[in-house]
There are 2 protein chains.
Amino acid sequence: MLATNLLFEQFDRDLRRRASMPTTYYEVLVRLSEAPGRRLRMSDLADRSQSSRSRLSHTVTRLERTGWVRRETCPTDLRGAFAVLTDAGFDALVAAAPIHVESVRTHLFDQLDRHQLEELRSVSERILEHLITIQDRPPSESDLLGDLTGRHPISDTAT
Amino acid sequence: MLATNLLFEQFDRDLRRRASMPTTYYEVLVRLSEAPGRRLRMSDLADRSQSSRSRLSHTVTRLERTGWVRRETCPTDLRGAFAVLTDAGFDALVAAAPIHVESVRTHLFDQLDRHQLEELRSVSERILEHLITIQDRPPSESDLLGDLTGRHPISDTAT
DNA sequence: AAGTTTTAGTTGAAATGTCAACTAGAGGGC
DNA sequence: GCCCTCTAGTTGACATTTCAACTAAAACTT
């Protein structure tokens, strides 16, 4: 947990310092850039960018103020809204992407050998698969109530 | 990044739902409980609990309001302050710890085999070592300016 | 078609985190 | 002692996130 926290902070620091863009913005811009027409429905974008709907709504409001994203109403569903990547937003992303890519390379990929990378991938996939499984079927009480008799001092898993 | 994000969110959800305690509080209480006299200087506590001094100061103010921590002035350094874990704070931690431990076991350790755990440990140590190294010696420009010629589509490292 | 329930998305308030400025005491040099 | 600088910690303003309440449209039910 310590390692991943510091790693994420490093990624964010690099992106802020060298591209003046927080990771939250970057994530949103990337998702939009990948989508056909560089546009996505708000909910869809929220899911893809690891964000709650509320948070995304606020974020997009800020991104509109910077001019990187604009909202458009959806013609087929009058409740709906599209977030659309502007040209300025695309330019900002093009400038930021190599910085982030290099940051990830420097601090993560270059530090690990081929075998470690393969294992990291397999670990991540395993955890992801597990989490998605339990999200589909919300956990019963018994899933988390194990026998704890004398097994752990308080600090065992804190870092 | 997706896996670790979801994993942390799951830990936090479990702790909030079943122990009414956010991970930030838990982290602080654990560090204090480990310290001799269940007390630490603010700066020391900030370092150990992955927090900025400012953030810790605010957090401790909130923890004082819940009655889990109290501040004490330092006799040998009049600028200094101790954060001290109260009995109520210790009780809250004793209640929360097994929940968190079980959460970590369920969502992380139980999902991986012996070999994956060993590799995950080695990966974490490697990354940690790297990050500590570059923190000691702040990065020169050239550390991050690599040759990017045509290597990465934008989305390569986004998740 | 009317009534009910979902779904999409926004909003404002409260909680939390960040940042820069600040107070005050410690420590060193002369 | 006096001056300068550094360290410990707090504070308040501001940015962001969370949470619950809300609007409005879609979708279903009968």
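Reminder, nothing fancy here: chain letters follow the sequence lines and each chain counts from 1. Since the model is a prediction, treat every value here as computed from it, not as a measurement.
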Report task. Report yes if some heavy atom in the side chain of B:S54 is under 4.5 Å from a heavy atom in the side chain of B:H58; otherwise report no. Result -> yes
Report summary line: So the side chain to side chain donor-acceptor pair (under 3.5 Å) pairs with at least one residue in residues 84-99 of chain A (sequence neighbours excluded) are none
Query raised in the report: Base, sugar-phosphate, or nothing: which does A:R62 touch, judged by heavy atoms less than 4.0 Å apart?
Result: base
Report summary line: So ring pair (Phe, Tyr, Trp, His ring centres under 6.0 Å) across residues 112-132 of chain A, not counting sequence neighbours, yields A:H115-B:H115, A:H130-B:H107
Query raised in the report: Can you list the residues that meet the side chain to side chain donor-acceptor pair (under 3.5 Å) rule with B:S51, with sequence neighbours excluded?
Result: none
Requested in this report: Map A:T24 and A:D77 onto DNA chain D by nearest heavy atom, then report which one ends up closer to the 5' terminus.
Outcome: A:T24
Query raised in the report: Considering residues at least two apart in sequence or located in another chain, which fulfil the side-chain contact (heavy atoms from CB on, under 4.5 Å) criterion with B:A96?
Result: B:L15, B:A19, B:M21, B:Y26
Query - Length of the CG-P vector between A:L45 and C:dT10, whole Å - result: 11 Å
Extract from the structure each pairing of a protein N or O with an N or O of nucleotides 11-13 of chain C at less than 3.5 Å, listing the distance.
residue, atom, partner, partner atom, Å
C:dT11, O4, A:S54, OG, 3.0
C:dG12, O6, A:H58, NE2, 2.9

Query raised in the report: Between C:dA15 atom P and B:M21 atom CE, what is the distance in whole Å?
Result: 18 Å
Query raised in the report: Of the nucleotides D:dA25, D:dT17, C:dT16, which one has an atom closest to the side chain of B:Y25?
Result: C:dT16
**Report entry** N-O pairing of A:D44 and A:R31 below 4.0 Å
**Finding:** no
Below 3.5 Å is the cut-off: list the nitrogen or oxygen pairs between protein and nucleotides 2-5 of chain C, distance only.
none

Query - Test: B:R70 and B:E72 ion pair at under 4.0 Å - result: yes
Query raised in the report: Given C:dT10, D:dA8, C:dT7, which nucleotide is nearest the side-chain atoms of A:M42?
Result: C:dT10
**Report entry** Cation over ring face, A:R71 and A:F82, 6.0 Å, 45°
**Finding:** no
Report summary line: B:R79 CZ to D:dT7 P, in whole Å, measures 9 Å
Report summary line: Sorted by position of nearest nucleotide on DNA chain C, 5' first, the leading residue of A:R16 and A:L56 is A:L56
